[in-house]
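To keep things clear, I will list the structure first and then write my remarks on it.
For reference, positions follow the sequence shown, starting with 1.
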Amino acid sequence: MKGIYKITILTLAVLLLAACSRKKNSFLSRNAHAVKGEFNALYNGDVAFDKGIEELAATFRDNYWEILPVERIDLEEKLDVPGRKDSPNFARAEEKAAKAIQTHSMYIDGREYNPQIDEAYVLLGKARYFDGRFIPALDAFNFILDKYPTSNNINHAKVWKAKTNIRLNNEEVALESLSDLLEDKELSKEDYADASAIMAQAYISLDSINEALPFIKQASESVKDKELKGRYTYIKGQLYNHLGLKDSANLAFDEVIELNRKSPRVYMINAHIAKARNFNYEKGDKVLFLELLTDLEEDRENRPFLDKIYNQIGEYYYNDKNIDTAVAYYNRSIQKFNNDLPLQALNYKTLAEINFDRAEYKIAGAYYDSTLIHLKKGTREWRRVTKKRENLDDVIKYEDIAIQNDSILRIVSMSESERLSFFTEYTRKLKAKAVADSIAEVIAQESIANKEFYNKTKTGDEGENTGKFYFYNSSTVAYGKQEFKKIWGNRTLEDNWRRSNKKSKLENIEEVVETIAIAENELYKPETYISRIPSEPKDIDSITGDRNFAYYQLGLIYKEKFKEYELAANRLEKLLTFQPEVRLILPSKYNLYKIYGILEKSSLAEQFKNDILNNHADSRYAEILLNPNTMLAEDESSPEFKYKELYRLYEASKYQEVIETCENYIVIYFGNDIVPKLEMLKATALGKQQGFEAYKKALNFVSLNYPNSEEGKEAQNIYKAVLPGLSFKDFLPDDKGKRWKVVYDFKTEEREVAEELQVKLDEAIAYYNYTNMSTSIDYYDPNTVFVIIHGLSTKLGGTGFAEVLEERKKDKIKKSHFEISSPNYKTIQIHKNLDDYLNRGNEVMEENKEIKKE
């Protein structure tokens, strides 16, 4: 009997070993490895894979303001490098798929006999795909197509290969393979729906919406999964909308809505919102439409989507011209923010535009700032909003100056009694607010203390001094005191202490806060503010001047930039009532004449025209009014002609004359578009005359005072990008110089002598046939000009040539000179530090002497 058992056990062991063999194509081996692969490695791999998909879907947030992707995941291609760690679920799925292949593959004589191995390769490719490693995923799918042509998963692998190609931006390759695949009659319904969806995605990626539409329709009709059906149908509606077919889009959105609970609610709500955005406010039933939106708002199940619903109700009221109600709903949408960044940006942008239309530019600027926070930096929309926001910078700046300085000047004009009354009332309000804030803080702190005590007693952590009797427990006693004070306040130990005429705790707090913390604070004393009122005439004049200039700039900005002619006229009219500086009066009147002409207020326009002609008859503005069709650029009295003359002086190195004339013209043509050009020319002339620091300061002035002009932008660019490279003022060593110059210096009044020397030098260069050498007369500063010999390759060569000219009888050029390399010559011209260069040798000698002494 024992022998039979031994034989049986031995037989089973042999059979087991035979079944474990991957080299023998037997019924037992095939089925054993298939079962082990399916119910061990592949099962665990599939479980991990499904968890990874759920994790991706849970973290992905759809942007319903753009066409949705067919896959509800956000993937980016990642490098397959050692040590990289991403989703552990996909890593585990890949590991199990690889294990199934390594331990259960029966690839014998060019054929795979384990029917589960192709499943393992599919899982391997999918795990890599969702891990963002598309090249390795493509390898896995290609392996199936090459090695398992008769596999049941061959079409499935083709679909996934096409998906991977789309992720790799190979849409054309994907479309070609999918077109052939969709003609296969044996394609399963699931693969057919998947392939159609991927075809649609490929065309969407190529921005071919017309071609994508029929495929997304096929996908929505074929897919069995209700979540995908809702998604594909919603995308179908988006594509119709993109093509401008609103009726067809609404039908698609109705299909999504009819799915109701069969599909995720997010699709249904967004279908309602998308359909609402297609509503025709001229022909549609607005009462019924508002009822629908109200029902959506009141449905408790829609609470996670209130941000979208409130925004759409805001849109309804905005289109119905009920702006204040619209604003209220936009703010409600902001308050219910649910991580929908595009929606939040839309809310802020709409509120910004509403305030912009109301000419509340400062408030609009704040809303534009909030919009930018919720937009992705660098996108087209981000750039558009940024530009709008930058356009508001000047108007916000000058409105602030106008409001602040108006307030200061109004207080300056008050009598002493009026000032005292004004600041007494002001500090009273400040004090009342401080008291209220202090009381609220005390109450909040007590509430926190009570909560902490309650939590302590609840957990039994009552400190060291504990006991059953009430007064033995210090924490309990402290809590009792707090509760007593909370109810009764600070009461004296006396009879009838509970009577209502006794002070409550709130009154005690107010009294303590006011008498101790607030009464001694300088912020709450009127004298503090009265002492700060400007009294010096120069200070008041400065404030007045800034205020007047701000009003003038606001008038121009509203007129030129925003076309807000009423606002522009208001600011300029108000400016004239301030009796401003002379330079502001004439351009203000001329601009008012132009504004009232645009507004078709002919009587007012004529009034300002006559004012200019009668009171400013010799002005340039009067000339323009009398000769509006004159070609001003060719007129010798025009700003444009004057600028051209100045530029010719600049080219002739007459920098002092250019600077002085620019300053005169800037006053004369104040308010004209030529002024930024004159300022830029003046800045360049200052740089040539006085050097780097003067140029830097002048450029900064132009960039700050004319930021919206072409010259202002150019100045800002030079200031930031060019000047840092020119700031280096140290000299290069002589051995670094590859090109050299010989320089003769003359006083400015010796210009004729300098010109005579240049003639002699030119003759000598021609005599010696030095074709690579030339001469010039260069401006250095108002007192000095240089005669330069260019084209020398060494310092020694320059010295030698100068000596030859001294000794040659015909020339006898005995004028003092120095040699300098081209880079160092550029440095002395930029920084005007010739003395530093000439003293450089002396400094080196002094240093050497000091070293020898040491």
Side-chain angles (χ1 to χ4, degrees), residues 359 361 394-419 422 530 532-561 564-599 601-626 639 663-675 678-679 705-706:
Y361 294 115
D394 284 341
V395 72
I396 292 170
K397 169 188 170 184
Y398 289 117
E399 283 287 5
D400 283 346
I401 293 172
I403 292 169
Q404 179 178 307
N405 289 14
D406 267 339
S407 300
I408 295 171
L409 292 171
R410 186 170 63 251
I411 294 169
V412 167
S413 65
M414 290 179 180
S415 65
E416 290 186 12
S417 60
E418 287 174 330
R419 291 177 184 178
F422 176 83
I530 294 172
R532 295 178 183 176
I533 298 172
S535 57
E536 292 292 329
K538 65 176 183 180
D539 295 333
I540 296 172
D541 289 344
S542 176
I543 294 169
T544 304
D546 290 343
R547 188 271 312 271
N548 293 347
F549 184 72
Y551 269 92
Y552 177 75
Q553 287 292 86
L554 287 169
L556 292 188
I557 292 168
Y558 288 138
K559 171 179 174 273
E560 302 294 341
K561 189 179 289 186
E564 292 282 354
Y565 299 114
E566 294 286 357
L567 275 173
N570 173 276
R571 297 300 186 270
L572 294 174
E573 288 269 24
K574 198 168 183 180
L575 169 64
L576 292 175
T577 66
F578 297 148
Q579 299 179 343
E581 307 92 295
V582 175
R583 68 186 186 118
L584 296 177
I585 294 174
L586 186 54
S588 295
K589 290 179 178 178
Y590 178 76
N591 278 294
L592 281 167
Y593 158 74
K594 299 289 286 183
I595 289 166
Y596 287 129
I598 294 169
L599 293 174
K601 296 182 178 181
S602 54
S603 60
L604 288 171
E606 196 66 23
Q607 175 185 326
F608 281 102
K609 179 180 179 180
N610 293 332
D611 187 322
I612 293 170
L613 293 176
N614 294 331
N615 300 321
H616 311 277
D618 297 332
S619 70
R620 177 65 184 158
Y621 294 102
E623 185 178 343
I624 294 171
L625 291 175
L626 292 170
E663 288 173 349
N664 292 332
Y665 286 169
I666 287 167
V667 174
I668 294 170
Y669 299 121
F670 183 82
N672 192 292
D673 290 341
I674 203 68
V675 171
L678 292 167
E679 290 281 12
N705 286 275
Y706 307 96

query = Rounded to the nearest 0.5 Å, how far does CD1 of I598 lie from CD of E566?
reply = 11.5 Å
ask   = Does the side chain of H616 reach to within under 4.5 Å of the side chain of D611, using non-hydrogen atoms?
value = yes
ask   = Checking side chain to side chain contact (heavy atoms under 4.5 Å, CB included) for the pair T577/E573: CA distance, chi angles, key distance, verdict?
value = CA-CA 7 Å; T577 66; E573 288 269 24; 6.0 Å; no
key: Nearest-0.5 Å distance, CG of residue L575 to CZ of residue F549   = 11.0 Å
task = Using the six-membered ring of Y558, assess whether NZ or CZ of R571 lies under 6.0 Å from its centre and within 45 degrees of the ring axis.
result = no
query = Which class fits the ring pair Y596 and F608: parallel under 30°, tilted 30 to 60°, perpendicular over 60°?
reply = parallel
Any side-chain donor near an acceptor of the partner, N405 and Y551, under 3.5 Å = no
ask   = Can you find a side-chain donor-acceptor pair between N614 and N610 that sits under 3.5 Å?
value = no
message = Working to the nearest 0.5 angstrom, can you tell me the gap between K609 NZ and L626 CG?
response = 7.5 Å
task = Keeping the roles fixed (side chain from R419, backbone from V412), state whether a donor-acceptor pair exists under 3.5 Å.
result = yes
Pairwise distance CG(L409) to OG1(T544) - rounded to 0.5 angstrom = 4.5 Å
message = Can you confirm whether or not the ring centre of Y361 sits under 6.0 Å from the ring centre of Y398?
response = no
query = Shortest non-hydrogen contact from A550 to I401?
reply = CB-CG2, 3.8 Å
ask   = Side chains of L604 and L599: closer than 4.5 Å at any heavy-atom pair?
value = no
query = Mind checking whether I612 and Y590 have side chains closer than 4.5 Å, heavy atoms only?
reply = yes
query = Any sub-3.5 Å donor-acceptor pair from S542's side-chain atoms to K538's backbone N or O?
reply = no
remark   = Closest non-hydrogen atoms of I595 and A568, given as atom of the first, atom of the second and distance, are CD1-CB, 3.7 Å
Pair L572-K589, side chain to side chain contact (heavy atoms under 4.5 Å, CB included): steps then yes or no = CA-CA 8 Å; L572 294 174; K589 290 179 178 178; over 6 Å; no
note = For A605 and G597, the nearest pair of non-hydrogen atoms, with its separation, is CB-N, 3.9 Å
ask   = So, do S407 and R410 sit near enough that their side-chain heavy atoms are less than 4.5 Å apart?
value = yes
task = Please tell me if the side chains of Y665 and I674 come closer than 4.5 Å, counting only heavy atoms from C-beta onward.
result = no
ask   = Which atoms form the tightest heavy-atom contact between R547 and A402, and what is the distance?
value = CG-O, 4.2 Å
query = Atom CD1 in I408, atom CZ in R532: separation rounded to 0.5 Å?
reply = 12.0 Å
query = To the nearest 0.5 Å, what is the distance between CG (D406) and CD1 (I543)?
reply = 11.5 Å
ask   = Side chains of Q553 and D394: donor-acceptor distance under 3.5 Å anywhere?
value = no
